[in-house]
Amino acid sequence: AQKITQTQPGMFVQEKEAVTLDCTYDTSDPSYGLFWYKQPSSGEMIFLIYQGSYDQQNATEGRYSLNFQKARKSANLVISASQLGDSAMYFCAMTGRTARQLTFGSGTQLTVLP
Amino acid sequence: DAMVIQNPRYQVTQFGKPVTLSCSQTLNHNVMYWYQQKSSQAPKLLFHYYDKDFNNEADTPDNFQSRRPNTSFCFLDIRSPGLGDAAMYLCATSRDQIGGAAEAFFGQGTRLTVV
């Protein structure tokens, strides 16, 4: 079974500053994928970034980077230079070799302050 | 261009009246998922199709059914909606890969209200 834990129900960050959203996971699959999604108030789920369990380097996509620490089973999302439009719910999720579906964490509501 | 399309965006149905939500995709992905998301909660997987192979989650109520007539379309049928079924329903697709590396693409969701 897979489990994703996000311990920060809500986070605040000042505009233009960096913020880290925490995510830890547990799985028995030797091969798995870790994802971050953004969900604005409109409801759609927007893919941000992906990290494979065998990837040697941390994933980066523009202002988003994933701090992957395999031994600690953590996959934190770092957003640099926060913008007001970054205010949204952020979900960490994973798939595994034997599980074809995404398992989501409980989410972190990020608010960017002007 | 939208790749996963859900219709309608908003659906109001009466208590106990069957309702069908639809999802179509232009990605030719072999896996399609239905998630239920209640307010301020994480999406919860109801079931998924791997090609025509239907996979129901153990805790998905019998009230929820699904059909996938072809690769492009998938339907969620709620046979007798209750007030507790009011939620956002998200459809997603992925191209399955060993290692689970495939990204899931989501539709915009259907927000269901039960009156």
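Note that the coordinates shown come from a computational prediction; the quantities given were computed from them, not determined experimentally. By convention in this document, chain letters (A, B, ...) are assigned in the order of the sequence lines, proteins followed by strands, and residues within each chain are numbered from 1.
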Establish whether [X] and [Y] are linked, either directly or via other cluster members, by ILVMFWY side-chain heavy-atom contacts under 4.5 Å.
X: L46(B); Y: F75(B); answer: no
X: M45(A); Y: W34(B); answer: no
X: V78(A); Y: Y25(A); answer: no
X: W36(A); Y: V13(A); answer: yes
X: V19(A); Y: V112(A); answer: yes

**OP:** Supply the atom-to-atom distance I46(A) CD1 to Q108(B) CD, rounded to the nearest 0.5 angstrom.
**Re:** 9.5 Å
**OP:** Calculate, to the nearest 0.5 Å, the distance between atoms OG and CE belonging to S42(A) and M88(B) respectively.
**Re:**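 One gets 7.5 Å once the value is rounded to the nearest 0.5 Å.
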**OP:** Give, as side chain, backbone, both or neither, the part of Q41(B) having an atom under 4.5 angstrom from any heavy atom of chain A.
**Re:**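 The backbone, not the side chain.
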Subject >> Proximal component of Q6(B), with respect to chain A [non-hydrogen, under 4.5 Å] >> reply: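 Neither part, no heavy atoms under 4.5 Å.
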**OP:** Heavy atoms only, distances under 4.5 angstrom: which of P43(B), G107(B), G109(B), A92(B) has the most pairs with chain A? Name it, please.
**Re:** P43(B)
Subject >> Validation row: Q39(A), F106(B) side chains within 4.5 angstrom (heavy atoms) >> reply: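 Answer no - side chains too far apart.
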For [X], does the [atom1] atom sit with more than 12 other heavy atoms under 6.0 Å from it, leaving out its own atoms?
X: K3(A); atom1: NZ; answer: no
X: F54(B); atom1: CZ; answer: yes
X: D59(B); atom1: CG; answer: yes

Original post:
Relative to chain B, which segment of S41(A) carries a heavy atom at a distance below 4.5 Å: side chain, backbone, both, or neither?
Top reply: backbone
Subject >> Q6(A) portion near chain B, given a 4.5 angstrom heavy-atom threshold >> reply: neither
Original post:
Which one of G107(A), G52(A), A93(A), G43(A) has the most heavy-atom pairs closer than 4.5 Å to chain B?
Top reply: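 Of the options given, most contacts go to G43(A).
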Original post:
Which heavy-atom pair separates A42(B) from S106(A) by the least distance, and what is that distance?
Top reply: CB-CA, 4.0 Å
Subject >> Closest non-hydrogen atom pair between Y37(A) and A104(B), with its separation >> reply: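 In this case the closest contact between Y37(A) and A104(B) is OH-O, 2.7 Å.
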Subject >> Under 3.5 Å donor-acceptor, Y33(B) side chain and L102(A) backbone >> reply: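 No, the answer is negative, given that no donor and acceptor are paired below the 3.5 Å cut-off.
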